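To start, the structure itself, in structure tokens.
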Protein chains: 2
Amino acid sequence: MTTSRRAAKRSPNRQLLREREIVNAARLVFETAGYDNASMAEIAARAGIVEGTVYLYFDSKKDLMHRVIAEWYEGLIASVSEGLTRVVGVRARLRFCILRHLRVYVEDTGLADLMIRELRRDRKFYETEIYSLNKRYAAFVTAEILDGIKQGELGPDIVPEIVRDLIFGGIEHCAYRILSGRGGLDIDLVADRILGTLWPGIAAQKEASSVSIEDRIARLEKLVVANGEES
Amino acid sequence: MTTSRRAAKRSPNRQLLREREIVNAARLVFETAGYDNASMAEIAARAGIVEGTVYLYFDSKKDLMHRVIAEWYEGLIASVSEGLTRVVGVRARLRFCILRHLRVYVEDTGLADLMIRELRRDRKFYETEIYSLNKRYAAFVTAEILDGIKQGELGPDIVPEIVRDLIFGGIEHCAYRILSGRGGLDIDLVADRILGTLWPGIAAQKEASSVSIEDRIARLEKLVVANGEES
DNA sequence: AAACAAAAATGAGCGGTCCTCATTTTATCT
DNA sequence: AGATAAAATGAGGACCGCTCATTTTTGTTT
């Protein structure tokens with residue numbers, strides 16, 4: 001064995017820089033063109049490299065999109081987490097989550113679009129990193145509901161998962177207007193309406209229950225009639 | 001001008017038959033493979049023709065999918081319309097709509113998937129025939145809500161569009177479990193939970209206000225006492 | 001500085017898609 | 001049968017994501 005020359009290792013952050021350039025370019029292209037219309041050629045060009053090079057850093061176009069979304073999602077989760085520290089009360093915190101989520105569609109339309117329309121259609125979405133992030137994000141709402149139940153502020157019988165699905169599904173449907181580019185949304189108004197519709201159904205009843213009140217009335221009225229009304 | 005020979009016109013329903021064959025083949029392939037994995041070559045093969053021939057009857061792959069979905073959607077609308085004739089009462093009719101829609105995801109998983117994941121991502125979805133059908137379909141719910149408000153069974157302040165978005169969005173989110181192939185759904189249970197969560201928030205208060213109930217009780221109790229309880 | 005090897009970048013081209021269009025086949029009328 | 005319009009064909013164009021043999025760049029050793 002001859003003493004072979006040492007490997008010519010480059011500074012490691014040079015690779016990271018390239019990666020960054022590619023991800024940035026990809027985010028830009030995906031955001032403006034959507035997935036299908038975004039071509040690897042254009043992403044490469046914007047990163048100042050040639051198409052084949054991209055594949056030294058990412059396995060596939062889909063892989064690249066996952067990376068773009070994952071980075072964005074992590075920022076979003078951090079933002080919500082931070083924001084929630086400054087809100088107290090179940091109702092207010094739920095409203096914060098709703099409004100914050102609506103804001104996503106207004107401010108990050110392109111990426112939200114990518115998330116809904118492209119990422120989630122993957123049959124194996126539930127095995128991806130994005131799904132984990134998605135669960136962490138949705139957990140902000142379910143945790144709030146569970147807490148509300150424990151505090152007695154929400155009814156004991158409500159099912160957190162259903163409320164969560166109603167909230168996120170409802171928001172998403174409202175947001176289709178934005179995603180399709182037809183006009184905007186008064187997100188404060190929409191947040192109020194969504195919570196205004198849901199809250200009375202999930203908040204704990206202050207009074208015993210309307211049934212028992214009805215019973216009390218029925219009993220009393222029967223008695224009164226029996227005794228000869230207004231004696 | 002020589003008397004030119006008449007055009008050799010074929011029986012018109014021959015074209016319709018071909019069209020039918022193509023649509024049927026397309027539905028089958030789209031349903032099982034999804035949009036991206038469905039190839040025009042396979043659709044043509046299943047219709048017993050060659051790829052180019054399909055383009056004599058349909059403009060594009062997307063056009064063909066639109067046709068498949070449109071036919072299915074029309075059947076669905078007819079089914080809901082017919083079913084509603086046999087249900088009375090706002091709550092029961094809303095529950096019917098919810099349950100029927102949940103059934104779509106169980107029974108027509110492939111097409112529902114196509115609708116959500118492929119059709120709606122078209123930027124020009126809102127100019128398509130499918131969108132009109134979508135509106136007609138969703139109108140079953142909004143009409144019910146409007147009717148409920150008019151009948152006094154639902155609160156006067158609720159916003160029908162928000163309730164509609166919560167319902168359809170919520171159902172859709174619940175149904176992702178089915179679409180992704182992970183287990184099924186107890187749709188009766190889910191329907192009950194969705195309505196159970198929403199209804200208390202949108203139903204009109206039976207009594208004018210709890211104060212008046214208290215008043216009624218107070219008056220009655222006073223009377224009863226005055227008359228000597230349990231005489 | 002020169003030799004050298006590993007790492008990084010290249011770009012031609014492969015296999016696949018939807019779709020077009022000049023050509024051929026089929027069906028109908030005189 | 002012969003003519004002609006309608007219907008069907010299938011080779012190939014344009015474009016895509018992706019691969020890989022080749023070339024260029026970079027850092028280390030002598």
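Predicted, not measured: the structure shown is a model, and the values here were computed from it.
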Could you please name the option among C:dT10, C:dA27, C:dA9 that lies closest to any side-chain atom of A:V50?
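Side chain of A:V50 sits closest to C:dT10.
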Any idea which of C:dA9, D:dA8, D:dG10 is nearest the B:R18 side chain?
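Within the option list, the nearest is D:dA8.
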Between [atom2] of [N] and [atom1] of [X], the distance in whole Å:
X: B:Y57; N: D:dA6; atom1: OH; atom2: P; result: 13 Å
X: A:L56; N: C:dT10; atom1: CG; atom2: P; result: 9 Å
X: B:E21; N: D:dA8; atom1: CD; atom2: C1'; result: 13 Å
X: A:F58; N: D:dT19; atom1: CZ; atom2: C1'; result: 18 Å
X: A:M65; N: D:dC18; atom1: CE; atom2: P; result: 11 Å
X: A:I22; N: C:dA9; atom1: CD1; atom2: C1'; result: 11 Å

Set of residues satisfying ring pair (Phe, Tyr, Trp, His ring centres under 6.0 Å) with respect to A:F140, sequence neighbours excluded:
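Scan of A:F140 (ring pair (Phe, Tyr, Trp, His ring centres under 6.0 Å), adjacent residues dropped) gives none.
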State which residues pass ring pair (Phe, Tyr, Trp, His ring centres under 6.0 Å) with B:H66; sequence neighbours excluded, sorted by chain then number.
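For B:H66 there are no ring pair (Phe, Tyr, Trp, His ring centres under 6.0 Å) partners, ignoring immediate neighbours.
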Check DNA chain D for consecutive Watson-Crick or G-U pairs with both distances under 3.5 Å and list the runs of at least three as stems.
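As far as DNA chain D goes, consecutive pairing (with distances under 3.5 Å) yields the stems C:1-30 with D:1-30.
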Qualifying salt bridge (Lys or Arg N to Asp or Glu O under 4.0 Å) pairs, either residue in [range], two or more places apart:
range: residues 70-91 of chain B; value: B:R20-B:E71, B:R67-B:E71, B:E82-B:R86
range: residues 176-189 of chain A; value: A:R95-A:D188
range: residues 125-139 of chain B; value: none

Would you please name every residue forming a side chain to side chain contact (heavy atoms under 4.5 Å, CB included) with B:R46, sequence neighbours left out?
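Here the qualifying residues are B:A25, B:L28, B:V29, B:E42.
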With sequence neighbours left out, write down each residue that passes side chain to side chain contact (heavy atoms under 4.5 Å, CB included) with A:T109, or none if nothing qualifies.
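With sequence neighbours excluded, A:T109 shows a side chain to side chain contact (heavy atoms under 4.5 Å, CB included) to A:I178, A:L179, given in chain and number order.
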Which of residues 114-131 of chain B sit near DNA chain D, with a heavy atom under 4.0 Å from it?
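Per residue number, the list is empty: none.
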Which residue pairs pass the ring pair (Phe, Tyr, Trp, His ring centres under 6.0 Å) test with at least one member in residues 72-97 of chain A, sequence neighbours excluded?
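Of all non-adjacent pairs touching residues 72-97 of chain A, those that pass ring pair (Phe, Tyr, Trp, His ring centres under 6.0 Å) are A:Y73-A:Y137.
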Which residue pairs satisfy the ring pair (Phe, Tyr, Trp, His ring centres under 6.0 Å) criterion with at least one member in residues 31-60 of chain B, sequence neighbours excluded?
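Listed by first then second residue: B:F30-B:Y35.
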Polar-atom pairs under 3.5 Å, protein N or O versus N or O of nucleotides 16-19 of chain C: list them with distances, or write none.
{"from": "C:dC18", "atom 1": "OP1", "to": "B:A38", "atom 2": "O", "distance (Å)": "3.2"}
{"from": "C:dC18", "atom 1": "OP1", "to": "B:M40", "atom 2": "N", "distance (Å)": "3.3"}
{"from": "C:dC18", "atom 1": "OP1", "to": "B:K61", "atom 2": "NZ", "distance (Å)": "3.1"}
{"from": "C:dC18", "atom 1": "OP2", "to": "B:M40", "atom 2": "N", "distance (Å)": "3.3"}
{"from": "C:dC19", "atom 1": "OP2", "to": "B:Y55", "atom 2": "OH", "distance (Å)": "2.7"}
{"from": "C:dC19", "atom 1": "OP2", "to": "B:K61", "atom 2": "N", "distance (Å)": "2.6"}
{"from": "C:dC19", "atom 1": "O5'", "to": "B:Y55", "atom 2": "OH", "distance (Å)": "3.4"}
{"from": "C:dC19", "atom 1": "N4", "to": "B:E51", "atom 2": "OE2", "distance (Å)": "3.4"}

Quiz question: by atom type and distance under 3.5 Å, do the side chains of B:S180 and A:R123 form a donor-acceptor pair?
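The answer is no; no qualifying pair exists.
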Under a 3.5 Å threshold, yes or no: a donor from one side chain and an acceptor from the other, between A:H173 and B:E172?
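Yes, because at least one side-chain N or O of A:H173 sits under 3.5 Å from a partner of the opposite role on B:E172.
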Return no unless some side-chain N or O of A:Q15 is found under 4.0 Å from OP1 or OP2 of C:dA8.
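Result: yes.
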